[in-house]
Amino acid sequence: MNSDGTIAAIRTYTDVYFYANADGDLLRALNSEPVRIPIPNEPQGEAIAFTESGDLLTASELGFAITGDPNRPPDGDEPLPPINIIRDVESFVWNTLQERGHSVPERLLPPASSGGGIGGSGETSASATEENDGLLSDRMFIAAAISTGIVLAIVLAGATTVLWKRFRR
């Protein structure tokens, strides 16, 4: 969900589907046609989050080399997968809905000068390691998203291992 509760995002391995309702009625939003954005070059992409400013963060768990051996995980020196930032995605969703003939409150539409497309000024995505806005709050949000993803991955891996050992017998 975005910060004001008007857009829900559902991620698949290849796309993000946005369901929007200006009143924050999630049930009504989920029963409407979504706005779809393809997310290429993120094999097994699973992470997704909105920033306070309306951008979207996406990440893949397979950004590092795959060893091909399930008993040998990637080395500790291998880089973490990049976190991609899709700028101004909320404005893109509202503009798309307006183009489809939906009534969108003026407060949700971007100013005319912003362009309204993904990226606003043409930027579509950037690595989180690049110097983008330099805002501490964005970096803290990214760090929290990564930490949460790592904790969930560890818990799932542990549970899978325990279940595998129990049912393998």
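Atoms considered below: every heavy atom in the structure, side chains included; atoms not considered: hydrogens, waters and symmetry mates.
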Cluster link Ile48 to Val35, ILVMFWY, side chain under 4.5 Å: yes
Minimal heavy-atom distance between Ala29 and Tyr19, with the atoms involved, is O-CD2, 3.3 Å
What are the two closest non-hydrogen atoms of Ala22 and Trp94, and how far apart are they? N-CH2, 3.7 Å
Measuring from Phe18:CZ to Leu56:CG, what's the distance to the nearest 0.5 Å? 4.5 Å
Listed once per pair and sorted, the salt bridge (charged side-chain N to carboxylate O under 4.0 Å, His left out) pairs that draw on residues 8-26, sequence neighbours left out: Arg11-Glu42, Asp15-Arg36
At their closest point, which heavy atom of Thr6 faces which heavy atom of Asn2, and how far apart are they? N-OD1, 2.9 Å
Please determine whether side chain to side chain donor-acceptor pair (under 3.5 Å) holds for the pair Ser91 and Asn95, giving the CA-CA distance in whole Å, both sets of side-chain angles, and the decisive distance to 0.1 Å. CA-CA 6 Å; Ser91 295; Asn95 281 337; 5.7 Å; no
Taken to the nearest 0.5 Å, the spacing of Asn84 CG from Ile39 CD1 works out to 8.0 Å
Can you name the closest pair of heavy atoms from Val89 and Asp55 and give their distance? CG1-C, 4.1 Å
Take Phe92 and Ile37, measure what side-chain contact (heavy atoms from CB on, under 4.5 Å) needs, and give me the verdict at the end. CA-CA 10 Å; Phe92 175 78; Ile37 295 178; 3.7 Å; yes
Test side-chain hydrogen bond (donor to acceptor under 3.5 Å, both in side chains) applied to Glu46 - qualifying residues, sequence neighbours left out: Tyr13
side-chain contact (heavy atoms from CB on, under 4.5 Å) involving Ala59 - partner list, sequence neighbours excluded: Ala47, Ile83
Which pair of heavy atoms, one from Ser32 and one from Ala20, lies closest together, and at what distance? OG-O, 4.4 Å
Would you say Ile10 and Ile7 are hydrophobically clustered, going by side-chain heavy atoms of ILVMFWY under 4.5 Å? no
Can you list everything that forms a side-chain hydrogen bond (donor to acceptor under 3.5 Å, both in side chains) with Tyr17? Sequence neighbours excluded, please. none
Distance in Å, Thr51 OG1 paired with Leu57 CG, rounded so as to fall on 0.5 Å steps: 6.0 Å
Is atom CZ of Arg100 surrounded by more than 12 heavy atoms (other residues, nucleotides or ligands) closer than 6.0 Å? yes
